[in-house]
Amino acid sequence: MKVLLYFEGEKILAKSGIGRALDHQKRALSEVGIEYTLDANCTDYDILHINTYGINSHSMVNKAKKMGKKVIYHAHSTEEDFRNSFIGSNQISPLVKKYLVSLYSKADYLITPTPYSKALLEGYGITVPISSISNGIDLNKFERSKEKEEKFKEYFKINENQKVIICVGLYFERKGITDFVELARKFPEYRFIWFGHTPMYSIPRAIRTIVKEDHPANVEFPGYIKGDIIEGAYSAADLFFFPSYEETEGIVILEALASKQQVLVRDIPVYKGWLENEVNCYMGKSNEDFTYLIDGLITDKIQNTCQAGFEVAKEKSIERIGYELKKVYEKVISNDPVKNKECIQHENQN
């Protein structure tokens, strides 16, 4: 079995969660001994595993179908997570949904990160079999390292007793960037660092203004940082605060959990079934909730959930994800309707 992993606009999307998902897929397939290629001109593959939905992606699907190849679409994107992102995203989101449905429906099988995103896709009327498989996490990469933590502290000149709250994400309204800044105003004694980057020309003026100037002195937007510094930040910070309103999974949450960091998120449907409030993370519904929880977690008035959170990350390790992908590949190759029906029934029970 040979798989063509196709990822359109790799350089543009490398800084996003979808970009990291491709890296995880490569690792996962290597772990379970599945041969793969990234060469879009390759013809001797068995399955096209496609991750993006641009014009070239559409052409790749059509080409693969004409060649009699099996197509698995990795549905990272939905109409819901397209909204409140780029300039004009809300106006064109219905068209995006229509396009996604058309594209996804051409596949032999769909993979999407969570039961929540699976339910959204089924709600679109898509009848292609769908499995929910996490994007996974590299536990070794995010294992706590004093060396990495020191690099993070040195880079940001963090004092010994200084409390640091971090978030990682694109500059999107739906990511909760406005709330992140508002909460920072309530805690001027703490440093709030938002890692990530989005081209300024592509986001609404209100968000550009927040990033460039309309934020308190204790908020920093250092841009996209990778390697030891961001990995050290995950474990060295005092809290990972992710106030996003909509996700299909949230790879950055898995990264924080794998770092044994305390995680605070918004209480939204995507986390149902794998994150549990006051067990492996904390959840809030409003900025009033977040104010209470940030204060309690930073001052240790509230018990942390770091170890239980790490157990969640272990369940989504890249090794385990590799075996789940392999099962789907084998079902698609065998084209056994009975097996596919069993898989759908199993997914519906989860």
Side-chain angles (χ1 to χ4, degrees), residues 1-8 13 16-32 34 36-38 45-54 57-58 60-61 64-65 69-81 100-137 247-251 254 270 273-274 315-336 339-350:
M1 184 194 307
K2 185 175 181 180
V3 177
L4 168 56
L5 291 176
Y6 184 73
F7 191 90
E8 183 178 355
L13 295 175
S16 69
I18 298 177
R20 293 202 291 285
L22 176 65
D23 290 335
H24 292 181
Q25 287 167 23
K26 292 188 290 186
R27 282 282 311 280
L29 297 193
S30 295
E31 289 286 344
V32 295
I34 293 179
Y36 71 85
T37 179
L38 303 178
Y45 64 91
D46 302 291
I47 297 174
L48 170 64
H49 184 159
I50 190 163
N51 284 269
T52 47
Y53 57 90
S57 300
H58 190 277
M60 282 295 296
V61 171
K65 299 298 282 187
K69 308 293 187 181
K70 297 295 183 180
V71 176
I72 292 177
Y73 226 113
H74 212 119
H76 298 285
S77 302
T78 64
E79 179 192 13
E80 285 74 8
D81 79 348
L100 289 175
V101 170
S102 172
L103 202 52
Y104 291 164
S105 296
K106 292 185 177 183
D108 297 286
Y109 212 101
L110 294 182
I111 295 173
T112 195
T114 56
Y116 168 72
S117 55
K118 177 176 182 287
L120 288 179
L121 296 173
E122 289 173 337
Y124 294 172
I126 294 173
T127 57
V128 175
I130 308 173
S131 282
S132 59
I133 300 177
S134 170
N135 286 307
I137 186 66
E247 297 291 324
T248 53
E249 181 175 43
I251 288 180
L254 296 181
V270 69
W274 60 286
E315 290 295 320
K316 299 177 184 293
S317 70
I318 281 179
E319 292 80 7
R320 295 193 181 196
I321 300 309
Y323 285 107
E324 292 187 46
L325 291 175
K326 184 177 181 181
K327 287 179 183 178
V328 170
Y329 291 161
E330 290 173 345
K331 287 184 177 71
V332 171
I333 287 293
S334 68
N335 197 26
D336 187 333
K339 288 184 178 180
N340 283 337
K341 183 177 180 181
E342 289 174 351
C343 181
I344 297 170
Q345 291 173 341
H346 173 72
E347 286 295 329
N348 287 337
Q349 292 171 0
N350 289 340

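- When side chains are defined from C-beta on, S132 counts as touching P115, because their heavy atoms get closer than 4.5 Å.
- Scanning both residues, K316 and W274, for their nearest heavy atoms gives CE-CE3, 3.6 Å.
- Counting heavy atoms from C-beta outward, L254 and S134 have side chains that approach closer than 4.5 Å.
- Between the side chain of T248 and the backbone N or O of H76, at least one donor-acceptor pair lies under 3.5 Å.
- The backbone N or O of N135 sits less than 3.5 Å from a side-chain atom of E249, completing a donor-acceptor pair.
- The heavy-atom pair separating L4 from L38 by the smallest distance is CD1-C, 4.0 Å.
- Atom NZ of K118 and atom OG1 of T78 lie 15.0 Å apart (nearest 0.5 Å).
- To the nearest 0.5 Å, atoms NZ (K26) and CD1 (I318) are separated by 11.0 Å.
- Looking only at side-chain heavy atoms (C-beta outward), I50 and M60 come within less than 4.5 Å of each other.
- Here NE2 of H24 is found 13.0 Å from CG of L29. Values are rounded to the nearest 0.5 Å.
- Counting all heavy atoms, side chain and backbone alike, V32 lies closest to E319 at CG1-O, 4.4 Å.
- Residues S57 and T52 bring a donor and an acceptor atom of their side chains to less than 3.5 Å of each other.
- Taking all atoms of both residues into account, the shortest heavy-atom contact from S105 to V128 is O-CG2, 3.7 Å.
- Residues V71 and I47 have side chains not in contact (no heavy-atom distance under 4.5 Å, counting atoms from C-beta outward).
- Under the 6.0 Å distance and 45° angle rule, K69 counts as a cation-pi partner of Y45.
- Looking at residues two or more places apart in sequence or on another chain, you find no side chain to side chain donor-acceptor pair (under 3.5 Å) involving Y104.
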Apply salt bridge (charged side-chain N to carboxylate O under 4.0 Å, His left out) to residues E31 and R27 and explain how you reach the verdict.
CA-CA 6 Å; E31 289 286 344; R27 282 282 311 280; 3.7 Å; yes
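- In this model, a donor atom of one side chain and an acceptor atom of the other lie less than 3.5 Å apart for T112 and S117.
- Taking CG from N51 and CD1 from I72, the interatomic distance works out to 11.0 Å, rounded to the nearest 0.5 Å.
- For the atom pair NZ (K70) and CG (D46), the distance works out to 11.0 Å, reported to the nearest 0.5 Å.
- D108 is listed as a side-chain neighbour of K65, based on a closest heavy-atom distance under 4.5 Å.
- Using a 4.5 Å heavy-atom threshold, the side chains of I126 and L110 count as touching.
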List the steps, then state whether side-chain contact (heavy atoms from CB on, under 4.5 Å) holds for I111 with I130.
CA-CA 6 Å; I111 295 173; I130 308 173; over 6 Å; no
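- Atom OH of residue Y53 and atom CG of residue L100 lie 6.0 Å apart, to the nearest 0.5 angstrom.
- Listed here is the closest heavy atom pair of L325 and A28: CD1-CB, 4.2 Å.
- Between K326 and M1 there is no side-chain heavy-atom pair separated by less than 4.5 Å.
- With sequence neighbours left out, the side chain to side chain donor-acceptor pair (under 3.5 Å) criterion links E80 to Y124.
- For NZ of K327, the number of neighbouring non-hydrogen atoms (other residues, nucleotides, ligands) closer than 6.0 Å is 12 at most.
- By the side chain to side chain donor-acceptor pair (under 3.5 Å) test, Y329 pairs with H49, sequence neighbours left out.
- A side-chain donor-acceptor contact under 3.5 Å links H74 and Q25.
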